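Note that the structure is a prediction, hence the values are computed from the model and not measured. In what follows, every heavy atom counts, from backbone to side chain, and hydrogens, waters and symmetry copies are set aside.
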Amino acid sequence: MTELIKFTKMHGAGNDYIYVNSMAFPIENPEELSIKWSAPHTGIGSDGLVLIGASEVADFSMRIFNADGSEALMCGNASRCIGKYVYEKGLTDKKTVTLETLSGIKELQLTTKKTADGSHEEVTEVTVDMGSPVIGETALEIEAGGTFYTGTVVSMGNPHLVIFVDDITQIDLPAVGPLLENHPLFPNRTNVEFVQILSPDEVRMRVWERGSGITQACGTGACATAVACMLHGRTERTTKVVMDGGPLTIRWDEGSGKVYMTGGAVKVFEGELEI
Ligand SMILES: N[C@@H](CCC[C@H](N)C(=O)O)C(=O)O
């Protein structure tokens with residue numbers, strides 16, 4: 001029997017996912033549908049699929065699937081978009097929302113303002129408590145395509161390799177990204193961030209995401225980047241990470257050791273699909 005699934009296309013700094021409220025529209029084969037719906041010409045076109053579900057330990061749960069159908073443990077940009085989704089759809093009236101993810105419970109702080117016609121409140125910005133980073137090697141020598149890079153390995157629930165470069169425009173991301181993502185040093189693959197320092201509180205970053213390729217932004221990647229920058233004494237505790245799709249502000253709190261990510265979330269359109 002054909003089923004109709006309602007979805008919302010949203011993005012955070014240009015990192016775009018298809019969001020489905022799986023409490024209303026249960027989905028049995030998200031891996032398959034993420035591949036199908038993410039396809040730019042034959043599907044909706046996106047970096048992946050996000051399911052918003054119920055939770056016994058938090059207000060809501062999130063499952064995130066990359067465009068290749070692989071499931072990730074965490075997604076920074078999607079967590080902000082879910083904050084906007086659940087508040088604006090009236091699924092909650094809380095401005096502090098907890099979200100169960102495969103990498104633990106994250107807390108979202110929503111900033112809202114009245115819409116221009118004064119009829120309701122909209123979410124303008126979300127700050128996510130991303131938890132504490134797990135720091136791996138800080139000077140990993142790695143070869144890809146005949147070039148040697150030095151990277152810092154940081155997990156923000158999912159794996160990241162952060163590489164400092166002098167001039168980010170010189171990086172051939174489509175060529176080197178897949179080599180590093182699938183490097184034998186990373187049996188579970190990795191997300192890859194190239195970073196150029198602009199000032200003590202601003203960096204430029206481009207990302208190659210595990211399972212999705214080049215994306216306009218990566219929230220966990222921005223956090224990993226800021227952590228690597230601070231670890232190496234390149235930036236202050238708060239850093240603006242400017243990606244192809246826009247900036248995120250990342251603060252690595254000295255006292256708690258936690259990383260806080262702040263940025264916007266945008267609804268693009270809604271639709272329905274038959275499965
Ligand atoms: N874009 C995301 C991360 C999505 C998952 C990642 N590609 C992985 O496989 O670990 C973000 O905003 O954090």
Side-chain angles (χ1 to χ4, degrees), residues 12-15 58 62 64 72-83 96-99 101-111 125-140 149-165 168 190-210 215-265:
N15 189 198
M62 165 174 80
I64 150 86
L73 299 190
M74 177 53 192
C75 181
N77 288 322
S79 53
R80 296 197 317 282
C81 287
I82 288 180
T96 301
V97 176
T98 53
L99 188 63
T101 75
L102 291 178
S103 94
I105 297 173
K106 310 294 170 192
E107 192 175 276
L108 323 176
Q109 295 290 345
L110 314 185
T111 303
E125 198 171 70
V126 181
T127 295
V128 184
D129 173 352
M130 300 285 285
S132 299
V134 176
I135 294 153
E137 282 203 51
T138 54
L140 180 72
Y149 300 95
T150 304
T152 301
V153 175
V154 180
S155 170
M156 288 302 313
N158 54 2
H160 294 271
L161 174 69
V162 181
I163 297 172
F164 296 118
V165 292
I168 207 161
T190 188
N191 299 287
V192 184
E193 288 81 24
F194 284 95
V195 184
Q196 180 182 340
I197 308 294
L198 301 177
S199 76
D201 59 8
E202 186 169 347
V203 303
R204 177 75 174 93
M205 182 269 264
R206 295 199 72 209
V207 61
W208 177 273
E209 278 198 44
R210 174 176 69 168
T215 62
Q216 297 265 294
C218 178
T220 50
C223 295
T225 295
V227 166
C229 290
M230 293 172 216
L231 269 179
H232 288 278
R234 308 272 186 120
T235 60
E236 314 285 351
R237 284 260 153 197
T238 300
T239 305
K240 184 157 116 181
V241 179
V242 182
M243 295 165 284
D244 294 1
L248 290 175
T249 301
I250 312 297
R251 182 169 69 86
W252 190 13
D253 185 63
E254 200 161 7
S256 65
K258 289 179 174 188
V259 179
Y260 293 86
M261 171 195 63
T262 301

Handout entry: salt bridge (Lys or Arg N to Asp or Glu O under 4.0 Å) contacts touching residues 229-241 (sequence neighbours left out)
Key = none
Would you please name every residue forming a side-chain contact (heavy atoms from CB on, under 4.5 Å) with [X], sequence neighbours left out?
| X | answer |
| --- | --- |
| L198 | Q196, E202, R204 |
| V134 | S155 |
| C223 | M130, M156, I250, V259, M261 |

Practice task
State which residues pass salt bridge (charged side-chain N to carboxylate O under 4.0 Å, His left out) with D201; sequence neighbours excluded, sorted by chain then number.
Solution key: none
Exercise for the section: Taking salt bridge (charged side-chain N to carboxylate O under 4.0 Å, His left out) as the test, write out the residues that go with R206, two or more places apart. Expected result: D244
Problem - Exam field: side chain T239 to backbone V241, donor-acceptor pair closer than 3.5 Å - result: no
Problem - Short side-chain to backbone donor-acceptor contact, W252 and G257, under 3.5 Å - result: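 A pair under 3.5 Å: yes.
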Handout entry: ring pair (Phe, Tyr, Trp, His ring centres under 6.0 Å) partners of F164, counting only residues at least two apart
Key =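 Expected list: H232.
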Can you list everything that forms a side chain to side chain donor-acceptor pair (under 3.5 Å) with [X]? Sequence neighbours excluded, please.
| X | value |
| --- | --- |
| N158 | H160, T220 |
| T225 | none |
| T111 | none |
| S256 | D253 |

[X] versus [Y], closest heavy-atom pair with distance:
| X | Y | answer |
| --- | --- | --- |
| A217 | A13 | CB-O, 3.2 Å |
| S79 | L108 | O-CD1, 3.4 Å |
| N15 | T215 | ND2-CB, 3.9 Å |
| L248 | A222 | CD1-CB, 4.0 Å |
| I197 | C229 | CD1-SG, 3.8 Å |

Handout entry: Test item: side-chain donor near acceptor, Q109 and T96, under 3.5 Å
Key = yes
Exercise for the section: Please report the C-alpha distance between V97 and L99 in whole Å, then the side-chain angles of each, then the deciding distance to 0.1 Å, and finally whether the side chain to side chain contact (heavy atoms under 4.5 Å, CB included) criterion is met. Expected result: CA-CA 7 Å; V97 176; L99 188 63; 5.6 Å; no
Practice task
Decide yes or no for M74 and K106: does some side-chain heavy atom of the first lie under 4.5 Å from some side-chain heavy atom of the second?
Solution key: yes
Practice task
Indicate yes or no: at least one non-hydrogen side-chain atom of R80 is less than 4.5 angstrom from one of E125.
Solution key: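 In short, these two side chains do not touch, never coming nearer than 4.5 Å.
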